[in-house]
Amino acid sequence: KSKPSSPEETSNLNFHPVNNASWKKGQKIQYLYLSRVFDAVAGTTKRLTKTRLVSNFLRSVIALSPEQLVEVFYLCCNKIAPQYEGIELGIGDTILLKAVSEATGTTMKKLKEELGRIGDIGTLAQQKRNKQRTIFPPPPLKISGVFKNLLKLAKTTGHKSGTVKGDLIKKMIVSCRESEIKYIIRCLQGNLRIGLAAQTVQSSLAQAVVLTPPGGKVMDASKHMGPGELEEEIKKTDKIIKQAFIEVPNFEHVITMLLKHGIKELPKHCQLTPGIPIKAMLGKPASGISELFEKFLNVLFTIEFKYDGERAQIHLLPDGTIKIFSRNSEDNTGKYPDLIASLPEAYASGMETFIIDCEVVAWSAKDKKILPFQTLSQRKRKDVSSENIDINVVLFAFDCIYMNGKSLINEQFMERRKILRESFKEVEGKFFFAKGKDAKEPEEIEEFLKLSIESSCEGLMVKALDKDAQYVPDKRNWIKIKKDYLEGMSDSLDLVPIGAFRGKGKRAGLYGCFLLACYDPESEEYQSITKIGTGFSEDDLKKHTEFFKKHLLE
DNA sequence: AGTGACTGCCC
DNA sequence: ATTCTGC
DNA sequence: GCAGAATGGGCAGTCACT
């Protein structure tokens with residue numbers, strides 16, 4: 001109904017990755033062009049449209065500037081490096097506000113005031129920036145320049161790093177045009193907030209390489225395809241690309257291999273490798289035991305204790321090195337030298353390689369009992385050595401993803417569990433298997449849940465054994481049962497809202513969360529207990545905001 | 001050297 | 001982590 | 001049901017300031 005506002009917005013049918021691109025072969029791509037795509041993506045809620053918008057841009061990058069595809073991809077995903085490399089920006093809202101304040105000549109007080117209404121530092125900065133008069137046009141920001149600056153920000157540490165970082169951000173801000181400033185800032189916040197993230201960007205890449213294959217002369221492969229063939233190709237390619245990112249969650253590696261070897265050869269070059277963490281398989285909440293039987297009708301399943309600790313994916317590399325990764329693929333190797341020292345007691349010396357999935361739990365050696373999460377969280381995280389360990393820990397292993405050179409992710413859990421149990425043995429106070437039971441009856445599950453709570457666990461994990469029981473990284477294919485989820489079993493508190501905080505992003509203009517208190521009759525005071533910000537429908541939020549606006553005390 | 005603000009990462 | 005929402 | 005974006009408490013580590 002409306003004319004396309006940018007080349008990238010035109011449909012696949014009409015889009016030409018070279019003729020419709022805003023830049024020419026061999027040029028550095030301006031960040032402005034990407035920010036225009038982001039604007040278009042933000043302008044729709046339809047994921048198919050978002051995918052098409054991004055894929056058209058990626059097609060131009062493939063056709064004109066494949067050497068910049070990695071950086072473009074990183075910026076679309078709002079990341080700068082693989083998680084396991086531990087590269088952090090070290091920039092939060094406070095530093096950003098300060099930079100915006102200095103770059104636009106607005107006082108912090110004024111900015112904070114307006115931020116309450118607008119709910120987004122990026123949008124706020126854009127408004128302030130548009131009011132400034134620029135004497136001469138700043139040099140355009142390039143994608144590679146922005147990306148390099150992000151890495152530079154991450155590398156800047158130590159004394160006076162705050163000032164250096166602030167100056168670099170300000171320098172970028174003053175070069176911004178149109179909505180660039182908004183996305184630079186949101187990028188620094190680690191929150192693009194345009195309804196675009198990893199999954200959609202990966203789908204966009206798949207669509208792009210089908211239509212405009214890397215290294216070729218074909219600009220629009222759909223022209224040579226029969227009806228339905230394009231959709232089929234895209235579906236197949238989507239699967240291959242996503243699998244590649246699952247097995248090697250390193251954008252640079254996957255994209256380099258994709259450009260070099262093409263989509264068909266990609267799986268060969270992106271395989272699960274000890275030393276590179278994969279995303280964890282997760283659980284989704286069940287609200288009752290009956291739910292399990294609906295889901296696992298005629299399917300074997302098992303129930304395991306859900307330990308209250310920290311996830312640990314442990315790798316044995318061919319050179320004998322052991323590495324430990326967190327739930328979010330952070331490298332926690334340096335945090336647990338004690339586990340690394342003791343783990344070899346749990347397997348035979350002939351072991352070459354493995355990846356196992358465990359929970360690290362705080363442990364009282366004296367009482368031989370597990371301790372609460374709170375205790376574990378007090379453990380040192382850096383420069384831990386055997387002398388300065390104050391919080392003792394123990395492992396509970398529950399899955400095996402890789403064993404002696406062979407990936408097990410496509411094996412059923414029944415088989416993986418068998419390999420885990422055959423390859424490891426329990427070591428008192430150091431290494432245990434997660435307590436489990438292949439229960440069949442609701443009563444048995446109820447009983448086991450009770451036992452888990454009494455044993456200082458959070459509840460149960462429920463896992464299929466021999467059907468649809470592969471290890472699927474990043475998917476919530478397991479089921480978790482905590483007593484809080486169950487009707488009548490959760491602890492509840494009657495609290496009174498005594499304060500509210502303005503919402504951000506899609507909650508801008510509303511109260512986004514509330515401060516709750518408990519009345520103490522002795523002191524005749526309301527004592528604050530906690531904030532709460534989930535469980536509200538959009539309608540609830542609107543109503544609460546209207547209501548509380550009428551009852552403001554200050 | 002001590003302290004508080006800020007950030008990132010666990011859940 | 002929990003929860004809601006558009007597709 | 002997926003993907004994304006709101007939101008929570010609480011800890012250790014880092015850096016600026018005194």
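None of these values were measured; they are calculated from a predicted model. In the text below, chain A, chain B and the rest are named by the order of the sequence lines, each starting its count at 1.
- Taking only side-chain nitrogens and oxygens, A:N191 comes nearer than 4.0 Å to OP1 or OP2 of D:dA6.
- For A:T530, the side-chain atoms get nearest to D:dG8 when compared with the rest of D:dC2, D:dG8, D:dA6.
- Side-chain proximity of A:K506 to D:dA5, C:dT3, B:dC10: nearest is D:dA5.
- Backbone-only engagement by A:R193 is indicated by non-hydrogen atom pairs under 4.0 Å involving sugar-phosphate atoms exclusively.
- Closest contact between the side chain of A:I95 and the listed nucleotides B:dT7, D:dT7, C:dT2 involves B:dT7.
- Scanning residues 71-87 of chain A for heavy-atom distances under 4.0 Å to DNA chain C yields an empty list.
- Taking side-chain N and O atoms only, A:K165 has no distance below 4.0 Å to OP1 or OP2 of D:dC15.
- Between A:R476 and A:S537, the one whose closest nucleotide on DNA chain C sits nearer the 5' end is A:R476.
- For the OP1/OP2 pair of B:dT7 and a distance below 4.0 Å, the side-chain nitrogens and oxygens of A:T94 include at least one atom meeting the criterion.
- Within residues 372-383 of chain A, the residues that place at least one heavy atom under 4.0 Å from DNA chain B are, in residue-number order, A:F373, A:R381.
- Pairs of residues two or more places apart, or lying in two chains, that qualify as side chain to side chain donor-acceptor pair (under 3.5 Å) and include a residue from residues 86-97 of chain A are A:D93-A:Q189.
- Contact annotation for A:I91: backbone-only contact, meaning every heavy-atom pair under 4.0 Å involves sugar-phosphate atoms and none involves a base.
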Which atom pairs, donor and acceptor, lie under 3.5 Å between side-chain atoms of residues 190-206 of chain A and protein residues at least two apart or in another chain?
unit_1: A:R193; atom_1: NH1; unit_2: A:D120; atom_2: OD1; d: 2.8
unit_1: A:S203; atom_1: OG; unit_2: A:Q199; atom_2: O; d: 3.3
unit_1: A:S203; atom_1: OG; unit_2: A:D238; atom_2: OD1; d: 2.9
unit_1: A:S203; atom_1: OG; unit_2: A:K242; atom_2: NZ; d: 3.1
unit_1: A:S204; atom_1: OG; unit_2: A:T51; atom_2: O; d: 3.3
unit_1: A:S204; atom_1: OG; unit_2: A:T200; atom_2: O; d: 2.8

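- In this structure, A:Y336 atom OH and B:dC10 atom C1' are separated by 9 Å, rounded to whole Å.
- The phosphate of C:dT2 has neither OP1 nor OP2 within less than 4.0 Å of any side-chain N or O from A:K531.
- Between the NZ atom of A:K504 and the P atom of D:dA6 there is a distance of 10 Å, rounded to whole Å.
- With hydrogens and angles ignored, the 3.5 Å screen pairs a side-chain donor or acceptor of A:N388 with a backbone N or O of A:D383.
- With sequence neighbours excluded, the residues forming a side-chain contact (heavy atoms from CB on, under 4.5 Å) with A:A208 are A:S55, A:L58, A:R59, A:I62, listed by chain and number.
- Each of A:L282 and A:K46 lies near DNA chain C, and the nucleotide nearest A:L282 is the one positioned closer to the 5' end.
- Using a 4.0 Å heavy-atom criterion, one finds that A:G503 contacts the sugar-phosphate atoms exclusively.
- Applying the 4.0 Å criterion to OP1 and OP2 of D:dT14, one finds that A:S161 has every side-chain N and O outside that range.
- Distance from the side chain of A:T157 is smallest for D:dC15 among the nucleotides B:dC10, D:dA3, D:dC15.
- Among the heavy atoms of the strands, none lies under 4.0 Å from A:K50.
- For A:Y307 (side chain) and A:K435 (main-chain N/O), a donor-acceptor pair under 3.5 Å exists by modelled atom type.
- Although no hydrogens or angles enter the test, the distance criterion places a donor-acceptor pair under 3.5 Å between the side chain of A:Q412 and the main chain of A:K467.
- Rounded to whole Å, the distance from CG on A:N332 to C1' on B:dG8 is 12 Å.
- Across all strands shown, A:I194 has heavy atoms under 4.0 Å from sugar-phosphate atoms exclusively, and none from any base.
- At a threshold of 4.0 Å, the pair A:K430-A:D338 does not count as salt-bridged, since none of the basic side-chain nitrogens sits closer than that to a carboxylate oxygen.
- If you measure from atom CG of A:D331 to atom C1' of B:dG8, you get 15 Å, rounded to the nearest angstrom.
- Remark: side-chain polar atoms of A:E359 are paired, donor with acceptor, to backbone N or O of A:E310 under 3.5 angstrom.
- One atom, CD of A:E310, and another, P of B:dC9, lie 12 Å apart when rounded to the nearest Å.
- A:Y471 and A:F413 have their aromatic ring centers separated by at least 6.0 angstrom.
- Nucleic acid contact class of A:K335 (heavy atoms, under 4.0 Å, all strands): none.
- If you take CG of A:L541 and P of D:dA6, they are 12 Å apart, rounded to a whole angstrom.
- A:Y485 comes within contact range of the sugar-phosphate backbone alone, with a heavy-atom separation under 4.0 Å but no base atom that close.
- No close placement of the A:F536 and A:Y511 rings is indicated, their centers lying 6.0 Å or farther apart.
- Distance A:D484 CG to C:dT3 C1': 14 Å, rounded to the nearest Å.
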Please lay out, stage by stage, how A:Q378 and A:Q374 fare under the test side-chain hydrogen bond (donor to acceptor under 3.5 Å, both in side chains).
-> CA-CA 7 Å; A:Q378 289 166 317; A:Q374 189 90 350; over 6 Å; no
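- For the pair A:I169 CD1 and B:dT7 C1', the interatomic distance rounds to 13 Å; values are reported in whole Å.
- With D:dG4, D:dA6, B:dC10 as the candidates, the nucleotide lying closest to the side chain of A:T534 is D:dA6.
- For the OP1/OP2 pair of C:dT2 and a distance below 4.0 Å, the side-chain nitrogens and oxygens of A:K284 include no atom meeting the criterion.
- Comparing A:G309 and A:D93 by the nucleotide of DNA chain B that holds the closest heavy atom to each, the one mapping nearer the 5' end is A:D93.
- Taking only side-chain atoms of A:R507, from C-beta outward, the nucleotide of D:dT7, D:dG4, D:dC2 with the closest atom is D:dT7.
- Taking only side-chain nitrogens and oxygens, A:T45 comes nearer than 4.0 Å to OP1 or OP2 of C:dC7.
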Output side-chain donor-acceptor pairs under 3.5 Å for residues 452-465 of chain A, partner residues at least two apart or in another chain, one line each.
unit_1: A:S452; atom_1: OG; unit_2: A:L449; atom_2: O; d: 2.9
unit_1: A:S452; atom_1: OG; unit_2: A:G459; atom_2: O; d: 3.2
unit_1: A:S455; atom_1: OG; unit_2: A:L451; atom_2: O; d: 2.6
unit_1: A:E458; atom_1: OE1; unit_2: A:K306; atom_2: NZ; d: 2.6
unit_1: A:E458; atom_1: OE2; unit_2: A:K482; atom_2: NZ; d: 3.3
unit_1: A:K463; atom_1: NZ; unit_2: A:E304; atom_2: OE1; d: 2.8

